[in-house]
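The chain is numbered in sequence order, starting from 1. Model, not experiment: these values are computed from the prediction.
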Amino acid sequence: MKIGITYDIKEQYGFTSLDLNFTDFLNVADVSFAKEELEKCGHEVFLLGNAQQMIHNFF
């Protein structure tokens with residue numbers, strides 16, 4: 001199965017990973033872990049990024 005993962009990380013918006021004012025973002029390690037676990041199950045996984053990245057890459 002092909003799976004696309006959308007995600008928001010602080011660095012995509014110019015914040016540092018240590019900035020605690022914005023805590024509702026994922027971190028790179030979480031995104032990578034999810035991708036790797038799905039790949040271990042035999043899936044083909046694509047990291048799509050945030051909405052702005054998807055618009056830029058696909059339209």
Side-chain angles (χ1 to χ4, degrees):
M1 176 184 297
K2 292 182 181 181
I3 299 174
I5 298 177
T6 62
Y7 56 92
D8 285 313
I9 57 175
K10 292 178 186 180
E11 292 80 3
Q12 292 169 317
Y13 297 92
F15 305 123
T16 66
S17 61
L18 298 176
D19 189 342
L20 298 178
N21 291 316
F22 303 95
T23 58
D24 56 339
F25 292 96
L26 292 172
N27 61 50
V28 175
D30 293 336
V31 175
S32 296
F33 177 78
K35 180 181 185 289
E36 291 168 8
E37 291 301 308
L38 289 166
E39 288 174 338
K40 286 180 187 176
C41 294
H43 302 293
E44 187 176 1
V45 181
F46 302 92
L47 298 179
L48 302 175
N50 62 15
Q52 184 178 18
Q53 290 171 313
M54 289 187 341
I55 291 169
H56 175 69
N57 291 327
F58 299 105
F59 296 103

Exercise. Could you tell me whether the side chain of Gln53 and the main chain of Asn50 form a donor-acceptor pair under 3.5 Å?
Key: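 Such a contact is found between Gln53 side chain and Asn50 backbone.
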Quiz item: Donor-acceptor pair, Gln12 side chain versus Ile9 backbone, under 3.5 Å?
Solution: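 Flag set: sc Gln12 to bb Ile9 pair under 3.5 Å.
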Self-check item: Atom of Val31, atom of Leu26 and distance for their closest heavy-atom approach
Solution: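 What the structure gives for the nearest pair is CG2-CD1, 3.9 Å.
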Quiz prompt | Leu48 to Tyr7 - nearest heavy-atom pair and separation | solution =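 Closest heavy-atom pair between Leu48 and Tyr7: N-CE2, 4.1 Å.
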Practice problem: Measure the spacing between NZ of Lys35 and CD of Glu44 and express it to the nearest 0.5 Å. | Solution: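 Between atom NZ of Lys35 and atom CD of Glu44 there are 9.5 Å.
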Quiz item: Under 6.0 Å from the CZ atom of Phe15, do we count more than 12 heavy atoms belonging to anything else shown?
Solution: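 Counting other residues, nucleotides and ligands, CZ of Phe15 exceeds 12 neighbours.
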Practice problem: Would you indicate whether Gln52, at its atom CD, is surrounded by more than 12 heavy atoms from other residues, nucleotides or ligands within a distance under 6.0 Å? | Solution: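 Incorrect, the count does not exceed 12.
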Report yes or no: do [X] and [Y] belong to one cluster of Ile/Leu/Val/Met/Phe/Trp/Tyr joined by side chain heavy-atom distances under 4.5 Å?
{"X": "Met1", "Y": "Val45", "result": "yes"}
{"X": "Phe59", "Y": "Leu47", "result": "no"}
{"X": "Leu38", "Y": "Val28", "result": "yes"}

